[in-house]
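Below: one structure, written as structure tokens.
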Amino acid sequence: MQADYHPESIEQLAQQYWDSSQAFRAKREHRKPKYYCLSMFPYPSGKLHMGHVRNYTIGDVLSRYHRMKGYNVLQPMGWDAFGLPAENAAIQNRVPPAKWTYDNIAYMKRQLKSLGFAIDWSRELATCRPDYYKWNQWLFLRMLEKGIAYKKTQVVNWDPVDQTVLANEQVIEGRGWRTGAIVEKREIPGYYLGITQYAEELLADLDKLPGWPERVKTMQANWIGKSYGVRFAFTHDIRDNTGALIDDGRMWVFTTRADTIMGVTFCAVAAEHPLAAHAAENDPALASFIDKCKRGSVMEADMATMDKEGMDTGLKVMHPLTGEPVPVWVGNYVLMGYGEGAVMAVPAHDERDFGFARKYKLPIKQSISVRNLSFDEAAWQEWYADKEHGICVNSGKYDGLNYEAAVDAIATDLAEKGLGEKKVQWRLRDWGISRQRYWGCPIPIIHCDTCGSVPVPDEQLPVVLPEDCVPDGSGNPLLKREDFLNTYCPKCGKPARRETDTMDTFVDSSWYYARYASQFKSGAMVDEETNYWMPVDQYIGGIEHAILHLLYSRFWTKVMRDLGLVEYSEPFSNLLTQGMVLNLIFSRHPDNGAVEYFSPEELEIIKDEAGRVIGAKSLADGRTVDFQGMGTMSKSKRNGVDPQAIIDQYGADTARLFMMFASPPEQTLEWVDSGVEGAFRFLRRLWNFGVRFGNGGGPANAAHLQKVTRFEIHSVLKQANYDLSKHQFNTVSSAAMKILNALDRLAGVDDEVVKEGFSILLRLLAPITPHITHILWRELGFGEDILQAPWPEPLAEALEQDEIEIVLQVNGKLRGNLTVAKTASKATLEQLALAHPSVQKHLAGAAAKKIVVVPGRLINVVI
RNA sequence: GCCGGGGUGGUGGAACUGGUAGACGCGCCGGACUCAAAAUCCGGUGUCUGAGAGGACGUGAGGGUUCGAGUCCCUCCCCCGGCACCA
């Protein structure tokens with residue numbers, strides 16, 4: 001056993017042992033409960049970043065802990081390998097995306113291994129391999145058959161930088177989720193997946209996920225956006241140039257406030273609405289306004305702050321209940337994509353309509369009343385929109401009805417006329433998956449001049465993506481690949497062309513967890529082993545996937561279930577969203593408005609007398625640099641720390657321990673170099689203690705100290721086990737430190753208490769720092785393999801105490817301690833408390849009003 | 001605006017169903033070792049006050065419940081994240 005702690009050799013030895021014994025190979029095993037622990041798989045971008053290390057360490061701690069607790073654990077790993085960075089790298093380096101990707105995978109796999117993760121590498125997959133994406137294609141074809149997948153041409157979000165379509169979920173504040181470029185609207189044909197068909201279930205099943213963070217469920221519920229209301233039509237006889245009624249003489253709207261229908265004074269339609277287009281034909285002013293709206297709506301980011309503007313179309317539609325004519329306006333706030341692209345406007349009871357009516361001097365008509373408050377057209381008041389207390393007024397036969405009764409009555413009346421009914425409206429849209437990109441899964445469709453778009457027959461799958469293309473930045477390189485493009489129509493046999501769009505890479509990640517859980521050799525998407533492992537017991541990943549990936553995966557799972565491929569309805573039982581990794585940010589702001597960021601290692605950091613960072617000096621030019629506070633590690637801010645450098649300097653165990661100790665998994669983690677050193681110092685102390693222990697140590701200590709130490713160790717262990725159940729690994733790490741401190745205090749190291757305590761310490765720490773604990777366990781003769789050792793449980797016998805410490809309070813304030821026999825009676829305790837000098841002093845001769853005794857805890861004397 | 005999560009020393013963060021606030025680590029201060037430094041080890045470290053024993057104050061602010069509140073209730077302030085012309 002080496003005298004000093006040298007992590008590199010220790011870690012290598014431990015990893016070799018795990019490799020050669022295939023320690024993490026997962027097999028079906030029905031005598032043990034199963035535990036499927038999954039971390040979101042990485043995109044092979046080049047090398048691991050700290051976020052990866054944190055993510056996978058959390059997963060590994062959970063995996064190893066459950067393994068030791070007797071679970072049959074599966075922890076797989078793979079690669080989310082399709083995507084744009086590979087194409088961008090290809091353009092820069094003139095290397096095919098495939099080669100770039102496979103090289104990155106090889107390098108990152110080595111890094112993952114050097115961190116000692118307990119991964120079953122036999123299940124490794126990469127989504128860019130044909131044997132994987134074949135099943136994307138196969139399932140897509142099944143969805144086509146079922147009508148879940150379909151083709152349509154519609155206005156889509158176009159990312160001008162990545163030159164591709166984005167799903168609604170991928171547009172954040174009007175910008176592309178990857179590029180940050182302002183998204184444009186384009187009309188493009190593409191394939192869509194009918195996720196809206198599952199909206200109801202996706203929303204309802206959130207309640208079946210108690211193991212998910214509340215905020216993720218809220219975000220999904222908001223995204224799905226269910227609202228109850230009434231869809232109804234205003235009638236008209238407006239005809240187009242050919243003399244045909246526009247939309248059969250019906251202008252449909254959706255409202256959640258049908259009870260205010262008698263307060264309608266105008267309607268507003270989106271710029272894209274057919275009535276708007278019709279009215280614009282003979283009205284150049286209106287046409288230019290509509291044009292402006294369409295252009296304006298490109299910038300979704302500005303929409304929220306944009307003024308509500310509108311213009312009268314001059315058209316009138318008929319109110320379905322009163323028969324009165326209602327003017328139709330074009331409003332820049334009406335969205336073509338939500339509801340019907342047209343709304344009824346009730347200025348009296350909708351704040352936005354109110355503002356609009358005031359601006360354009362449109363009539364305001366009160367139709368509900370709350371507690372007889374007086375309505376004033378001059379100013380908006382909260383109660384105008386109060387649906388809970390509103391009672392219909394000025395509403396003819398509906399007068400006196402409350403919200404619910406009014407909606408029911410009005411919906412019934414509308415239905416009788418065939419002009420409306422209650423309806424549920426969703427915010428969720430179908431998922432557009434066509435991407436005009438090369439490095440992705442080909443959509444298995446063949447375009448034939450005679451037969452149209454024809455699905456590729458199953459036996460011709462997979463449609464293999466050529467791996468040797470080198471994109472040059474000018475569109476999809478597949479368009480130039482005649483060998484890929486040219487094929488024959490499966491229906492008529494005539495020459496035809498392949499679809500060149502590829503699938504959104506979120507398709508790839510929507511079912512990989514089910515593939516891991518299967519035997520790959522079977523010629524199917526998944527096999528029945530998936531029903532053994534699934535659902536994932538613990539999923540770990542970043543909060544940034546709260547909507548996109550997690551919603552798509554839930555949808556995909558339900559589709560697979562409905563196709564009879566799997567038996568479960570939800571893929572992830574428990575979800576842990578780990579916090580970001582932060583580091584100091586330093587920058588300079590020259591007068592020209594530019595920002596120059598500095599990596600902390602280029603700087604001498606300046607602290608105030610309390611040790612707080614206040615600034616820095618550049619090592620290069622000696623001039624000052626501003627401190628910007630803590631922020632997420634990122635390339636652009638130049639504040640990333642390379643995990644490899646940490647592993648090389650301190651070893652994987654130190655990196656793992658620091659990450660687990662510095663903060664709880666769900667919170668942000670601040671990277672602090674001195675904290676990393678602290679973690680290393682602890683491991684070195686642990687090693688040195690092991691060396692002394694192995695050498696036989698000194699004489700045994702007094703029995704009393706032994707008993708106290710043993711009590712302390714088992715108490716700490718009890719708390720640590722509780723903390724583990726809550727995934728609070730920072731306090732588990734601190735428990736390990738406490739145990740070592742206690743053992744250190746017990747200078748003699750050859751007695752049974754130390755042996756027991758050290759074995760508890762090693763096992764408690766094994767999930768977090770697997771290498772050092774593996775070696776110490778073996779070298780010190782505790783056993784062959786610490787992974788096989790039983791998880792330590794506190795012993796009642798060690799927690800037994802004859803004497804306990806009781807806290808003494810006067811009026812709830814701490815005044816002293818009492819050490820008493822555990823068996824002391826309440827009367828004895830009261831007596832002892834009153835006799836205590838400090839209590840005597842505060843009593844000052846008076847009698848106690850009341851004495852509260854909490855057994856085993858405290859005595860409070862009330863004066 | 002709506003929804004969700006927070007606010008505790010110099011600092012990251014602890015605190016079981018209300019029961020010794022600040023565990024554990026970092027930083028800082030002092031000491032030992034050393035020619036010296038680094039490393040290591042030992043001690044101290046919420047604020048104010050006091051020579052000291054001690055005392056007072058203290059978990060964003062204010063109120064309340066309670067023998068006792070970081071924890072429960074009410075009002076308010078601030079921060080972070082998500083959603084948002086959604087009809």
Side-chain angles (χ1 to χ4, degrees), chain A residues 172-173 213-223 225 227 229 253-257 267-268 297 300 303-308 331-335 337-346 350-353 355-356 425-427 543-544 546-547 582 607-613 630 657-658 661-664 666-679 681-682 684-685 688 716 718-719 722-723 728 730-738 741 744 805-817 838 841 848-854 856-863:
Chain A
I172 293 143
E173 289 178 2
E214 212 49 52
R215 61 177 178 148
V216 174
K217 287 191 278 187
T218 318
M219 279 160 77
Q220 291 214 353
N222 284 346
W223 189 264
S227 53
V253 299
F254 174 78
T255 180
T256 54
R257 290 301 304 274
C267 283
S297 74
E300 278 189 36
M303 298 235 331
T305 54
M306 208 157 70
D307 275 341
K308 280 151 204 59
N332 65 349
Y333 63 93
V334 184
L335 305 173
Y338 183 81
E340 305 294 334
V343 295
M344 70 175 200
V346 183
D350 179 282
E351 190 169 3
R352 192 188 45 204
D353 294 344
F356 194 89
Q425 183 70 42
W426 302 91
R427 190 182 170 279
I543 186 75
E544 65 274 19
I547 296 172
L582 314 181
K607 297 178 181 181
D608 66 7
E609 64 282 356
R612 271 176 298 227
V613 176
M630 282 279 177
L657 176 61
F658 170 71
F661 177 63
S663 81
E666 314 228 52
Q667 282 182 38
T668 54
L669 181 146
E670 296 189 1
W671 188 266
V672 184
D673 290 335
S674 56
V676 180
E677 274 158 35
R681 254 197 308 268
F682 169 74
R684 188 168 51 197
R685 267 181 69 207
N688 293 341
V716 168
K718 189 178 170 191
Q719 183 64 40
Y722 176 73
D723 292 347
Q728 195 171 295
N730 53 331
T731 49
V732 175
S733 310
S734 103
M737 294 171 186
K738 283 181 199 174
N741 289 347
D744 250 346
E805 200 174 78
I806 298 256
V807 167
L808 203 49
Q809 293 182 341
V810 176
N811 287 342
K813 287 195 170 141
L814 177 67
R815 293 301 174 201
N817 292 300
S838 178
K841 198 174 112 192
K849 209 190 269 174
K850 185 177 170 188
I851 301 178
V852 181
V853 178
V854 181
R857 267 227 127 89
L858 62 77
I859 307 168
N860 188 13
V861 180
V862 185
I863 302 172

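Naming: A, B, ... by sequence-line order, numbering from 1 per chain. All values reported here derive from a predicted model rather than from experimental measurement.
Distances were taken from every side-chain heavy atom of A/Tyr338 (C-beta onward) to each of B/C86, B/C85, B/G82; the shortest belongs to B/C86. Between B/A87, B/A15, B/G25, one nucleotide has an atom nearer to the side chain of A/Val343 than all others, and that is B/A87. For A/Lys738, whose side chain is taken as the heavy atoms from C-beta onward, the closest listed nucleotide among B/A23, B/A56, B/U17 is B/A23. When the nucleotides B/C86, B/C16, B/C41 are ranked by their closest atom to the side chain of A/Tyr722, B/C16 comes out on top. If you check B/A87, B/G54, B/G13 against the side chain of A/Lys841, the one that comes closest is B/G54. Closest approach to the A/Phe661 side chain among B/G54, B/C24, B/G19 is made by B/C24 (side chain taken as heavy atoms from C-beta onward). Here B/G12 is the nucleotide among B/G12, B/C24, B/G54 with the atom lying nearest to any side-chain atom of A/Glu670.
Counting any heavy atom pair closer than 4.0 Å across all strands shown, A/Gln667 reaches sugar-phosphate atoms only and no base atom.
Without hydrogens or angle criteria, A/Asp350 side chain to A/Ala345 main chain gives no donor-acceptor distance under 3.5 Å.
Listed pair A/Lys813 / B/C57 meets the phosphate criterion, a side-chain N or O lying under 4.0 Å from OP1 or OP2. For the OP1/OP2 pair of B/U20 and a distance below 4.0 Å, the side-chain nitrogens and oxygens of A/Asn860 include no atom meeting the criterion. Taking 4.0 angstrom as the limit, A/Arg681 places a side-chain polar atom (N or O) nearer than this to OP1 or OP2 of B/C26. OP1 or OP2 of B/G4 has not a single side-chain nitrogen or oxygen of A/Gln220 nearer than 4.0 Å. At B/A39, none of the side-chain N or O atoms of A/Arg684 fall inside 4.0 Å of OP1 or OP2 (strictly under the cut-off). Between A/Arg857 and B/G18, a side-chain N or O to OP1/OP2 separation shorter than 4.0 Å is absent. For B/A14, one of the phosphate oxygens OP1 or OP2 lies less than 4.0 angstrom from a side-chain nitrogen or oxygen of A/Asn730.
Residue-to-nucleotide contacts include no donor-acceptor pair under 3.5 Å from the side chain of A/Glu214 to the base of B/G5.
Between A/Phe356 and A/Tyr333, the ring centre distance stays below 6.0 Å.
Base pairing annotation: B/C26 forms a Watson-Crick or G-U wobble pair with B/G10, both donor-acceptor distances under 3.5 Å. Partner assigned to B/C67 is B/G19, using Watson-Crick or G-U wobble distances below 3.5 angstrom.
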